[in-house]
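Okay, structure first, notes after.
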Protein chains: 4
Amino acid sequence: MSPRTEAQNREIRQESMQKIMDAASRLIAQKGYEATSIAEIAREAGVSKGLLYNYFSSKQDLLEKMVLSAMSQADDVMERLVADDPRQTLENMIRELFRQLHERSEHIRLMMELTFKIDRFDFVRKMASDRYQFYIKFIEDLFHKIGIPDPANEARMLAALCDGIGVQYTVLKGVYSIDQLEEFLVNKYCKKDQQT
Amino acid sequence: MSPRTEAQNREIRQESMQKIMDAASRLIAQKGYEATSIAEIAREAGVSKGLLYNYFSSKQDLLEKMVLSAMSQADDVMERLVADDPRQTLENMIRELFRQLHERSEHIRLMMELTFKIDRFDFVRKMASDRYQFYIKFIEDLFHKIGIPDPANEARMLAALCDGIGVQYTVLKGVYSIDQLEEFLVNKYCKKDQQT
Amino acid sequence: MSPRTEAQNREIRQESMQKIMDAASRLIAQKGYEATSIAEIAREAGVSKGLLYNYFSSKQDLLEKMVLSAMSQADDVMERLVADDPRQTLENMIRELFRQLHERSEHIRLMMELTFKIDRFDFVRKMASDRYQFYIKFIEDLFHKIGIPDPANEARMLAALCDGIGVQYTVLKGVYSIDQLEEFLVNKYCKKDQQT
Amino acid sequence: MSPRTEAQNREIRQESMQKIMDAASRLIAQKGYEATSIAEIAREAGVSKGLLYNYFSSKQDLLEKMVLSAMSQADDVMERLVADDPRQTLENMIRELFRQLHERSEHIRLMMELTFKIDRFDFVRKMASDRYQFYIKFIEDLFHKIGIPDPANEARMLAALCDGIGVQYTVLKGVYSIDQLEEFLVNKYCKKDQQT
DNA sequence: AATGAATGAGACTTCATTCAT
DNA sequence: GATGAATGAAGTCTCATTCAT
């Protein structure tokens, strides 16, 4: 066999890492971080435990890299939501939240799981804190542009509201009709003639 | 010497159980359920592991009894908040939420931790689901009496908002000024001349 | 209250000890020595753990006293079986074995359980060994009187046979018809015109 | 370096499992199932506790696999004992029993130990019951061919006898001369001019 | 005589991690 | 790059035993 080229190796690495992170996402979202074992993740990913440790130096390192990756993906999504009209941006954001609740509820579940590891893993603390502040600031700007009074508090409220909907959807799944809420929010926050 | 009376024993047991549950609350709120070991709880409570198992048949049973106890306490608090004027009731509830965030943030932390054990422990699922629905209905009634339009969705929003504030306070603790938010909410929801 | 007399105390002690030993017999026969806890025995006997330790210095001590008591009872039974005619004595012994299998199979079960503790408890080893030899010798004498050739080996065979029937009855309980075997043995060993 | 081949791994696993089962056999035969700890078995086998759990999912599973293996070995031995002449088959069986008592008394001890776990472990109940009935039937056939009257009861007697000799050998080890008994039994059951 | 709260050693089991191949 | 056998620390839980009352 001829040795693999550098590029081939890189690609193989990328693929394996992604497989592992996807498997970990699924399992951790379902069962929680502690209840998910490395052995299980490796099995679900279809690789050996040894290989997993080639890519991730520890279980925590895997978690860190997963969070980074998830954040980066979230940023990509965010960028696409920004429109010229701040009201439209807001609507896009709200509709995206509900889309994710519908289509990737497990992903939301994972983020919640992680949020509450905040006191155990410093990297989560820093990252989550930064992002929360960033998003709140971002919404505040939108509100400011729209001309809503007290945009700072309104922004914190909307951010909290989104989180809370995530929590309640997770808890009440099945009894919690999201669709009405989506229209309600869009009407409330994004229509010209409405005032919060 | 004669053995202890039944009443004496009951008191001793009560005390020990409470010591254990308090210790468990502190630790689980701080580090999470899985990361808190029985040995640690016993040490923090100042009792032996064996005694813990005299009162709680398993780690999960301890959690269950803690939840039951917390729920019962929460019910007691709730009852005291109800006033003749629905606006006043709402204000009491909101102020109580913030008081707890201030004074018993660890307790909030614990409830959050538990909420996300929902897929692991059936007893949490049932209990949490029932309570969520009860509180949402309760708020809906208040809104209805006050005459707010679309009280159903407004209630779900307020409930989510409260949860979300809990989450964000937990995450942003220290950077998150609660006091402004409290007045903001009271003004928004409980003053006669305000409309959501 | 007037203090109890010495005699009353002795009687109370006797009674309590017997209750405990009976409870222990039932449970150990059912579940085995290791699987039966002191707490269970005390509960079944209707006394406290503390009292149990007043009478028996340890779990092993309880077992020892139970064995002693069982042996003593067995001796009493044996005495009543001896008849003038050695053939009749043999028949009595065989019929007694089957009566016990029928009516006190749990007792047989307990003895089996104990027999196999022989390598862990020295007192069992010594006692069991002595008794086995005594009974074998006793049967040998009977065979000798009856005039059966090679009574030594025949006695060892009959003794083994009785043990084996106990084992098989325990194992095959429900599929193992004892009654035919009883007549078969009586015919074989105790009738004048029969020869082993 | 390339990973081990599947065949290499299989062999490594086989070896480790065998080491563990052998160690467990020795210890359980000596001290009993409950009194033998997993830690001890691992130490005796020269492996870690963890490895033991790679191969056996629990202490009971280890016992089950040991029983299965022992049964399978016993079957192999049985097959070799069958001869054309039923008397010869009987003699082979009896001589094999005594050979095992001499050379593998620990193995007999283990089987006894297991037999009395019958009420604790369902798999033992089924397996033991089936085998007992099979062997009794097998002996009955031999007796029938030889022309012994009442072969059914005689078979049950011989089977019980074998068990009983096992028990007594275990109990009286050292004081129990087996050799005479062997010749005695062979003479009694397998010689043409003898009648039971 | 009698109770049962309390202890702590030790049992079984899980799992992140290492390393020879 | 890839495997999985092997380890051992740590976790949950049980239970014989002690002792203040």
Side-chain angles (χ1 to χ4, degrees), chain A residues 3-4 8-9 12-13 16 34-43 47-60 62, chain B residues 1-6 8-10 12-13 15-16 34-42 46-62, chain C residues 3-4 8-9 12-13 16 34-43 47-60 62, chain D residues 1-6 8-10 12-13 15-16 34-42 47-60 62:
Chain A
R4 286 191 274 267
Q8 277 176 316
N9 271 338
I12 290 177
R13 286 184 67 89
S16 288
E34 286 90 350
T36 303
S37 73
I38 290 284
E40 241 175 327
I41 294 172
R43 199 179 320 121
V47 303
S48 69
K49 273 183 293 180
L51 189 60
L52 193 152
Y53 275 89
N54 267 1
Y55 298 133
F56 306 95
S57 66
S58 69
K59 193 180 178 184
Q60 173 169 342
L62 167 58
Chain B
M1 278 168 277
S2 46
R4 294 195 199 82
T5 66
E6 179 58 31
Q8 277 175 315
N9 274 328
R10 207 172 19 244
I12 289 175
R13 279 201 303 269
E15 233 167 72
S16 288
E34 288 90 351
T36 303
S37 76
I38 290 284
E40 262 175 317
I41 295 174
V47 302
S48 67
K49 273 184 292 174
L51 189 62
L52 194 152
Y53 278 93
N54 266 5
Y55 298 130
F56 306 97
S57 67
S58 67
K59 194 181 178 185
Q60 174 169 342
D61 182 53
L62 168 57
Chain C
R4 285 190 275 266
Q8 278 177 316
N9 272 338
I12 290 177
R13 284 183 69 89
S16 287
E34 287 88 351
T36 303
S37 72
I38 290 285
E40 240 175 327
I41 294 172
R43 201 181 315 122
V47 303
S48 68
K49 272 184 293 180
L51 189 60
L52 194 153
Y53 275 90
N54 266 1
Y55 299 134
F56 307 96
S57 68
S58 69
K59 193 181 180 184
Q60 174 169 343
L62 168 58
Chain D
M1 278 170 273
S2 47
R4 294 194 198 83
T5 66
E6 179 58 29
Q8 278 175 312
N9 274 328
R10 208 171 19 242
I12 290 176
R13 279 201 302 268
E15 233 167 73
S16 288
E34 288 91 348
T36 303
S37 75
I38 289 285
E40 263 175 316
I41 294 174
V47 303
S48 67
K49 273 182 293 176
L51 189 62
L52 194 153
Y53 279 91
N54 267 6
Y55 298 129
F56 306 96
S57 65
S58 67
K59 194 181 176 184
Q60 173 167 345
L62 168 57

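Heavy atoms only: backbone and side chains are in, while hydrogens, waters and symmetry mates are out. The shown structure was predicted, so the numbers you read here are calculated from the model rather than taken from an experiment. Order of the sequence lines sets the chain letters (A, B, ...), proteins ahead of strands, with each chain counted from 1.
Looking at every heavy atom in both residues, B:Asp61 comes nearest to B:Phe56 through OD2-CA, 3.4 Å. The nearest pair of heavy atoms linking D:Thr36 to D:Lys59 is O-NZ, 2.8 Å.
The side-chain heavy atoms of D:Thr5 and D:Gln8, taken from C-beta on, include a pair separated by under 4.5 Å.
Between the C1' atom of E:dG4 and the CZ atom of B:Arg10 lies a distance of 14 Å, rounded to the nearest Å. When rounded to the nearest whole Å, the span between CZ of C:Arg43 and C1' of E:dG4 equals 13 Å. Here F:dG4 presents its P atom at 9 Å from CZ of D:Arg13, a figure rounded to the nearest Å. To the nearest angstrom, P of E:dT13 lies 10 Å from CD1 of D:Ile41. In this entry the distance linking CD1 of D:Ile12 with C1' of F:dG4 reads 9 Å, nearest Å.
Every residue meeting the side chain to side chain contact (heavy atoms under 4.5 Å, CB included) condition with A:Glu34, not counting sequence neighbours, appears here in chain and number order: A:Glu113, A:Lys117, A:Arg120, B:Glu34. With sequence neighbours excluded, the residues forming a side chain to side chain contact (heavy atoms under 4.5 Å, CB included) with D:Arg13 are D:Glu6, D:Asn9, D:Arg10, D:Tyr55, listed by chain and number. Checked against side chain to side chain contact (heavy atoms under 4.5 Å, CB included), D:Ser37 has the following partners two or more places apart in sequence or in another chain: D:Ala39, D:Glu40. Every residue meeting the side chain to side chain contact (heavy atoms under 4.5 Å, CB included) condition with B:Ser48, not counting sequence neighbours, appears here in chain and number order: B:Leu51.
Of all nucleotides listed (F:dA6, F:dA20, F:dA16), F:dA6 comes nearest to the side chain of D:Ser16.
In terms of position along DNA chain F, the nucleotide closest to B:Ala39 lies nearer the 5' end than the nucleotide closest to the other residue of the pair B:Arg4 and B:Ala39. Where B:Val47 and D:Glu40 each meet DNA chain E at their nearest nucleotide, the meeting point lying more 5' is that of B:Val47. Residues A:Lys49 and D:Glu34 both approach DNA chain E. Their nearest nucleotides, taken by heavy-atom distance, put D:Glu34 toward the 5′ side.
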Check against side-chain contact (heavy atoms from CB on, under 4.5 Å), B:Val47 and B:Ile41: CA-CA 9 Å; B:Val47 302; B:Ile41 295 174; over 6 Å; no
Verdict with supporting geometry, B:Lys49 and B:Leu52, side-chain contact (heavy atoms from CB on, under 4.5 Å): CA-CA 5 Å; B:Lys49 273 184 292 174; B:Leu52 194 152; 5.6 Å; no
Canonical and wobble pairing (Watson-Crick, G-U, under 3.5 Å) of DNA chain F, dot-bracket with |: .||||||||||||||||||||
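Counting non-hydrogen atoms under 4.0 angstrom, B:Ile38 reaches the backbone sugars and phosphates but no base.
Near DNA chain F, meaning a heavy atom under 4.0 Å away, the residues from residues 50-60 of chain D are D:Gly50, D:Leu51, D:Asn54, D:Tyr55.
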